[in-house]
Amino acid sequence: MTLRLYDTRTRTVGELQLQRPGHVGVYVCGPTVQAAPHVGHLRSAVAVDVLHRWLLATGHRVTFVRNVTDVDDKIIHDAGHNDEPYWALATRMTNAFTRAYDALHVLPPTVEPRVTGHLPQIVVLIEHLIDNGTAYESGGDVYLSVKAVPSYGEISHQDPTKLKQGEADDSLKRDPLDFALWKAAKPGEPQWASPWGPGRPGWHIECSAMAVEYLGTSFDIHAGGLDLVFPHHENENAQSTAAGHGFATTWVHHGLVTAEGGEKMSKSLGNSVLVTEALSTVPAPVLRYALGAAHYRSTIEWSDQAVADAAAAYDRIATFVRNATELTVGIEPVEQPGWEDFAAALDDDLGVPQALAVVHNAVRRGNTQLADRELPGLAGTLALVRRMLGVLCLDPISDWPSSGSSELTPVVDALVRLLVETRAQARERKDWTQADALRDRLTEAGIVLEDTAEGVRWRLT
RNA sequence: GGCCGGGUGGCCGAGUGGCUUAGGCAAGGGCCUGCAAAGCCCUGUACGCGGGUUCGAUUCCCGCCCCGGCCUCCA
């Protein structure tokens with residue numbers, strides 16, 4: 001079984017075709033580092049992280065490129081507003097994004113190229129496009145001639161003749177559809193030398209240049225948000241095609257996060273939930289679950305209810321893993337079925353919802369084995385569940401080891417144990433009033449007790 | 001105006017021309033428990049509306065309504 005993915009260009013799910021067997025080149029459009037990341041940005045990161053991890057889990061070597069757009073109109077504008085150099089704002093926000101990715105344990109990319117570090121590659125690509133007649137210089141700007149690219153529209157399925165011509169009529173363009181590869185410098189703005197005079201790159205050209213730099217002229221997967229399909233990816237594809245590059249074989253786009261009410265979350269709409277805000281109330285693994293449990297192409301509506309649902313589901317899994325781990329130390333596991341179903345679900349266009357259904361079914365089986373003290377089978381189920389969770393980065397032990405009681409200091413642990421022992425003595429003499437009073441006090445303090453055949457287990461709520 | 005996605009049981013969320021109509025949460029019943037907690041079992045008979053195709057449609061086709069995305073920066 002091999003991975004099948006939905007390709008935006010063909011609008012079909014098909015087997016992933018690789019340039020080099022066993023090796024996958026992935027380019028993901030990363031953020032424009034203009035403002036602090038919101039949960040929509042993290043959804044993007046989590047969606048492609050699952051792709052990344054599944055490719056690794058199925059034995060591929062992955063070159064994973066996620067760029068940072070660190071110079072553009074908005075960054076320049078906002079930085080100017082704060083009387084701050086654009087590169088200072090870009091660096092601050094790049095760091096904020098990195099912290100957000102790290103908080104959810106998103107695997108780092110193989111390389112994280114920045115626009116400002118790739119001006120030579122960008123200039124060379126533009127020169128090539130001018131030389132072959134598909135781009136032209138005009139008043140210090142350089143534009144791609146969209147008419148020179150017959151396949152224009154193949155990614156977004158837009159008919160160029162029917163596009164609204166939104167951008168203000170730019171007399172420097174030969175055709176309203178043409179878009180800038182290079183923008184002539186304006187006073188006070190960052191600028192780099194070029195054959196066409198000082199200026200800076202247009203938005204789309206950076207990705208074409210950097211993808212080719214690290215992945216070659218033809219590579220396997222180009223990913224990004226649904227909102228990038230047009231014009232960004234259409235234009236990227238057009239430039240690269242014009243340059244004679246094969247560029248991406250498969251175009252993968254993930255869905256967006258909306259605010260409550262269904263409207264897309266974005267900075268410009270002012271309805272963003274920042275990652276730092278979310279993490280102040282939501283445990284990181286729960287956030288990861290909330291953003292990763294839906295299919296990557298579906299819309300996620302962000303709400304307290306969505307978070308609560310994710311917390312309940314994750315806690316159910318985490319509780320099982322914790323309980324099963326306690327009982328199976330040193331037990332030789334008997335392998336349990338389920339991995340094939342899980343793998344089949346992920347191979348089918350990263351069907352995480354179905355994969356999670358397999359996980360939950362395994363958890364239910366494991367809970368039965370746990371109740372029956374069928375320990376070798378339980379150990380096998382635990383191993384299976386943790387293996388599956390590992391792919392999704394949701395294993396409470398190896399991915400999120402700090403959650404649970406282990407983070408408590410030994411002092412607190414000892415105090416709780418003392419109370420638990422006192423209660424146990426009360427229970428032995430059947431002093432239920434005393435025993436329940438102690439349990440109630442602990443519950444009030446945020447500690448839940450569970451009486452099991454093996455003794456008392458406690459955890460934080 | 002053009003292109004696209006979606007409307008599934010109380011909520012979230014998969015999926016499918018009939019077959020066993022995922023999974024989670026919530027609800028009701030049962031089991032376990034001194035009582036709880038955790039857990040297990042059972043129950044609910046859903047697919048926006050109107051047509052059509054079909055032996056049979058939630059699933060295919062047509063029309064309509066509603067929600068959302070893109071067409072301008074955006075993950």
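Throughout, a chain's letter reflects where its sequence line sits, starting with A, and its residues are numbered from 1.
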Inset, instruction - Any pair with a residue in residues 289-311 of chain A that passes ring-ring contact (aromatic ring centres under 6.0 Å, His included), sequence neighbours left out, goes on the list, sorted by first then second residue, please. - result: none
Inset, instruction - Would you mind listing every ring-ring contact (aromatic ring centres under 6.0 Å, His included) that reaches into residues 429-449 of chain A, with sequence neighbours excluded? - result: none
Inset, instruction - Could you tell me whether A/D73 contacts a base, only the sugar-phosphate backbone, or nothing, with contacts defined as non-hydrogen atoms closer than 4.0 Å? - result: nothing
Legend entry - For A/D399, salt bridge (Lys or Arg N to Asp or Glu O under 4.0 Å) partners two or more places apart: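 Applying salt bridge (Lys or Arg N to Asp or Glu O under 4.0 Å) to A/D399 gives none.
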What's touching nucleotides 13-16 of chain B from the protein side, N or O pairs under 3.5 Å?
unit_1	atom_1	unit_2	atom_2	d
B/A14	OP1	A/H295	N	3.4
B/A14	OP1	A/S298	OG	3.1

What residues form a side-chain hydrogen bond (donor to acceptor under 3.5 Å, both in side chains) with [X], not counting sequence neighbours?
X	answer
A/W54	A/D347
A/Q34	A/D78
A/D395	A/R386, A/S398
A/K186	none

Inset, instruction - Determine whether any donor atom in the side chain of A/N323 lies under 3.5 Å from an acceptor atom in the base of B/G39, or the reverse, and answer yes or no. - result: no
Inset, instruction - Indicate whether the side chain of A/S208 and that of A/S240 have a donor and an acceptor atom separated by less than 3.5 Å. - result: yes
Within [range], which residues have any heavy atom lying less than 4.0 Å from an atom of RNA chain B?
range	answer
residues 362-384 of chain A	A/R364, A/N367, A/T368
residues 438-450 of chain A	A/R439, A/V448, A/L449, A/E450
residues 27-50 of chain A	A/C29, A/G30, A/P31, A/T32, A/H38, A/G40, A/H41, A/S44

Inset, instruction - Any salt bridge (charged side-chain N to carboxylate O under 4.0 Å, His left out) involving residues 86-110 of chain A? Give me the pairs, sequence neighbours left out, ordered by first then second residue. - result: A/E84-A/R92
